[in-house]
Amino acid sequence: MIKRTHNCGELRLSDVGKDVAVAGWVRSYRDHGNLIFVDLRDRYGIVQLVFDPEISTAAHDLAEKVRCEWVLASAGKVRPRGEGLENPKLATGQIEIAVSEAEILNVAKTPPFEIEAAQKVNEEIRLCNRYIDLRRPVMQARLGLRHKAAKVVRDFFDERGFWEIETPMLSKSTPEGARDYLVPSRLQAGSFYALPQSPQLFKQILMISGMDRYFQIVRCFRDEDPRADRQAEFTQIDVEMSFVDCDEVMDVNERMIARVWKEILDVDVALPVPRISYSQAIAQYGTDRPDVRFDMKLKDISDIAADSSFGVFTSTVEKGGIVKGLCAPGGAKLSRSDIEKTLTAFVADYGAKGLAWAKVVKSDAGEMSLGSGFAKFFDTARQGRIIERFGAAQGDVILLVADKADIVNKSLAALRVRLGRDLKLYDENRFDFVWVVEFPLFEWDEDQKRYDSLHHPFTSPIQADMNKLQTEPANVKSQAYDLVVNGSEIGGGSVRIHNIETQRKVFELLNISKDQAEERFGFFLRALEYGAPPHGGIAFGLDRIIMLLAGTDNIRDVIAFPKTQRGQCLLTDAPAPVDKSQLEELNLRTKIPPAAGE
RNA sequence: GGGGCCGUAGCUCAAUUGGUUAGAGCAUCGGACUGUCGAUCCGAAGGUUGAGGGUUCGAGUCCCUUCGGCCUCGCCA
């Protein structure tokens with residue numbers, strides 16, 4: 001076999017005259033009858049081979065047979081391309097290899113789609129033939145970027161004394177949170193392991209064990225419906241530190257993120273990353289993951305709306321709801337049908353029953369007022385107050401939603417993001433980071449009539465609110481923080497509870513009985529009793545970080561072998577039925593018989 | 001579980017109000033060609049319109065069911 005001396009991307013003019021050998025896949029061939037050109041591709045690039053019968057008839061004969069995606073090795077001399085024959089599109093475009101010896105290492109069927117075709121190939125076909133798809137330079141670049149980013153993370157933490165410690169994949173189900181993936185135990189019939197939703201308790205136990213600083217790039221599993229940026233199986237950068245407060249965790253980790261952005265994109269992230277409180281985020285952006293690349297903040301006008309003549313507004317406020325909205329700069333260019341059909345349907349997805357609108361107009365005398373839409377329900381003075389509150393200008397459109405606070409905020413948050421994009425209110429190439437802090441410790445779950453952790457049940461309240469746990473749990477703030485970039489949450493963490501009494505108290509408030517707590521978290525509670533240091537940490541979604549770095553909005557683009565929306569791997573066809581004998585060994589019987597030859 | 005979009009040749013798409021034998025580009029196969037580089041030129045082959053049912057003289061097109069993909073609401077401590 002011809003052994004390669006160089007890869008397909010590295011030869012330059014300075015290599016002219018060298019005897020070299022390369023190997024790779026045939027990207028394309030141009031057969032001129034006598035002279036044959038072959039573009040050979042590997043992970044590193046593309047190089048042009050020339051087969052000239054005057055150099056070797058054997059090699060030329062072989063090249064006549066070669067087809068796209070065949071695996072080919074070739075040896076020959078590097079020579080400069082003639083004047084005007086360079087190809088500026090290739091890094092190796094100044095040279096070519098005059099082949100004296102060639103060897104077909106393997107043949108290939110005609111690929112199911114053209115690998116470097118500019119046209120966009122159906123993702124289903126790409127996933128079924130992932131080995132072909134992953135030959136595309138763009139996919140190779142994304143996986144390369146992923147590798148490099150992970151290495152930057154590892155180096156960063158290593159330099160600061162963090163140890164990467166593995167935690168179990170087969171562990172214990174802790175109901176609450178997302179649905180678990182279960183693995184049946186053979187040795188203990190009827191019992192199950194759960195795949196980790198995150199190594200949360202293990203990393204806390206590592207702190208109790210005195211490991212001091214831990215990180216792990218680790219697979220996590222959550223059996224929930226996927227989204228464009230969510231996959232049941234995903235990768236976390238998991239971090240935990242002892243003897244720290246919120247500021248130290250945020251400080252180290254924003255430096256880590258800044259290092260990644262610098263080394264991968266050569267982008268400088270301004271440190272420290274600004275912070276916004278949860279309540280401010282909800283008030284101004286309607287969400288705890290605000291896209292701060294553009295302004296267009298939400299404004300509450302419940303007070304003005306309450307004494308309008310618009311029944312929907314007044315009754316909403318009377319019932320304890322709110323009237324809130326945003327002012328779309330230059331929104332006057334939106335047509336009435338854009339607003340009343342498209343945007344109204346859009347907010348309806350989030351439960352909003354309507355979208356009130358008014359255009360901001362200026363009279364000849366220079367007076368600003370509201371035109372059309374909901375304007376007729378407000379007198380001149382109140383119109384003025386609305387315009388003033390939004391800081392609205394002529395040509396803007398004010399859009400309002402009236403409903404219960406959570407519906408108003410959710411729908412307006414989504415509308416804000418959509419309009420920001422549609423009206424091009426920001427530069428798509430910038431990255432704006434923000435820490436969201438001061439989350440409430442609990443949220444009230446109306447369905448189950450109990451408190452629920454906003455973050456998770458191991459999050460510590462802020463010191464000043466400790467005594468409120470008993471009296472007004474709804475107003476207790478937590479030591480939690482989320483890192484948000486361009487409206488995407490890429491990480492979240494907290495300082496943890498390290499005191500067993502506080503932990504018990506929190507379980508109590510979450511309506512987890514002593515027995516339940518013992519059954520689910522007993523191992524952890526016992527660990528807490530043996531000298532747990534104050535500790536805190538964070539976890540980042542590596543896949544989402546890579547998406548941002550790679551500039552794609554699809555998580556499947558940054559995972560080598562992803563699953564579809566129905567949790568299927570189109571390459572392997574997993575999940576699939578198993579042999580009866582396997583089930584028997586596991587003492588399992590399925591309720592639904594496996595589908596027979598559909 | 002709900003809502004939306006989509007499914008036509010290997011790939012990307014087209015096909016008038018329901019109307020003849022479902023077309024094009026690329027890929028494939030054969031031929032020609034010594035400087036191409038998404039080679040070019042000539043020729044050929046390629047289809048159960050995702051599947052099933054219905055309406056109709058006639059269905060890629062309309063209706064129902066179903067399968068699959070994507071987006072999304074719910075869900076994601």
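Chain identifiers are assigned alphabetically (A, B, ...) following the order of the sequence lines, protein sequences preceding nucleic acid strands; residue numbering begins at 1 within each chain.
Among the protein residues, A:Ile125 comes within range of the sugar-phosphate backbone only, with heavy atoms under 4.0 Å from sugar or phosphate atoms but none that close to a base.
Nucleotide B:C62: paired with B:G54 (Watson-Crick or G-U wobble, both distances less than 3.5 Å). In this structure, B:C37 makes no Watson-Crick or G-U wobble pair, since no nucleotide meets both defining distances under 3.5 angstrom. The pairing partner recorded for B:G7 is B:C67, the criterion being a Watson-Crick or G-U wobble arrangement whose two distances lie under 3.5 angstrom. Searching all strands for a Watson-Crick or G-U wobble partner of B:U48 with both distances below 3.5 Å returns nothing.
Checking the phosphate oxygens (OP1, OP2) of B:G10, no side-chain nitrogen or oxygen of A:Lys109 falls inside 4.0 Å.
Comparing B:G69, B:C11, B:U72 against the side chain of A:Glu124 picks out B:G69 as the nearest. Distances from the side chain of A:Lys410 to the nucleotides B:G74, B:C73, B:C26 place B:G74 closest.
Atom CD1 of A:Ile95 and atom CD of A:Glu86 lie 11.5 Å apart (nearest 0.5 Å).
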Enumerate donor-acceptor pairs with a distance under 3.5 Å from any side-chain N or O in residues 566-576 of chain A to protein atoms, sequence neighbours excluded.
| residue | atom | partner | partner atom | Å |
| --- | --- | --- | --- | --- |
| A:Gln568 | NE2 | A:Asp573 | OD1 | 3.4 |
| A:Thr572 | OG1 | A:Ala574 | N | 3.2 |

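The CG-C1' distance, from A:Asn122 to B:A27, rounds to 17 Å in whole Å. Atom C1' of nucleotide B:U12 and atom CZ of A:Arg126 are separated by 14 Å, given to the nearest angstrom. Taking atom CG on A:Leu570 and atom P on B:C67, their separation rounds to 16 Å, with Å as the unit. The NE2-C1' distance, from A:His456 to B:C76, rounds to 15 Å in whole Å. For the pair A:Gln200 CD and B:C76 P, the computed distance is 17 Å after rounding to whole Å. Atoms NZ (A:Lys120) and P (B:G25) sit 25 Å apart, rounded to a whole Å.
In this structure, A:Arg219 forms no cation-pi arrangement with A:Phe234, as its terminal cationic atom is not both closer than 6.0 Å to the ring centre and no more than 45° off the ring axis.
A:Asp445 has no carboxylate O lying under 4.0 Å from a charged side-chain N of A:Arg450, or vice versa, which leaves the two without a salt bridge.
For the segment residues 219-229 of chain A, residues with any heavy atom less than 4.0 angstrom from an atom of RNA chain B are, sorted by number, A:Arg222, A:Glu224, A:Asp225, A:Arg227, A:Ala228. Listed by residue number, A:Arg556, A:Thr564, A:Gln565, A:Arg566 are the residues of residues 556-567 of chain A with a heavy-atom contact under 4.0 Å to RNA chain B.
Within the structure, no pair that satisfies the salt bridge (charged side-chain N to carboxylate O under 4.0 Å, His left out) test touches residues 50-61 of chain A, not counting sequence neighbours. Residue pairs meeting the salt bridge (charged side-chain N to carboxylate O under 4.0 Å, His left out) criterion with at least one partner in residues 74-85 of chain A, sequence neighbours excluded, are A:Asp19-A:Lys77, A:Arg79-A:Glu96. Among residue pairs with one or both ends in residues 476-492 of chain A, those qualifying as side chain to side chain donor-acceptor pair (under 3.5 Å) are A:Ser460-A:Gln479; sequence neighbours excluded. Among residue pairs with one or both ends in residues 503-514 of chain A, those qualifying as salt bridge (charged side-chain N to carboxylate O under 4.0 Å, His left out) are A:Lys505-A:Glu508; sequence neighbours excluded. The list of salt bridge (charged side-chain N to carboxylate O under 4.0 Å, His left out) pairs with a residue in residues 196-207 of chain A, not counting sequence neighbours, reads A:Lys203-A:Asp238, A:Lys203-A:Glu240.
Every residue meeting the side chain to side chain contact (heavy atoms under 4.5 Å, CB included) condition with A:Pro196, not counting sequence neighbours, appears here in chain and number order: A:Met169, A:Phe221. For the side-chain hydrogen bond (donor to acceptor under 3.5 Å, both in side chains) test, residues two or more places apart in sequence or in another chain that qualify with A:Arg27 are A:Asp39, A:Glu116. For A:Arg526, the salt bridge (Lys or Arg N to Asp or Glu O under 4.0 Å) test picks out A:Glu518, with sequence neighbours left out.
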- request: Encode nucleotides 29-36 of chain B as B, S and - characters from 5' to 3', where the letter depends on protein heavy atoms closer than 4.0 Å: B to the base, S only to sugar-phosphate, - to neither.
  value: SS--BBBB

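One donor-acceptor pair, N or O on each side, does fall under 3.5 Å between the base of B:C37 and the side chain of A:Asn87.
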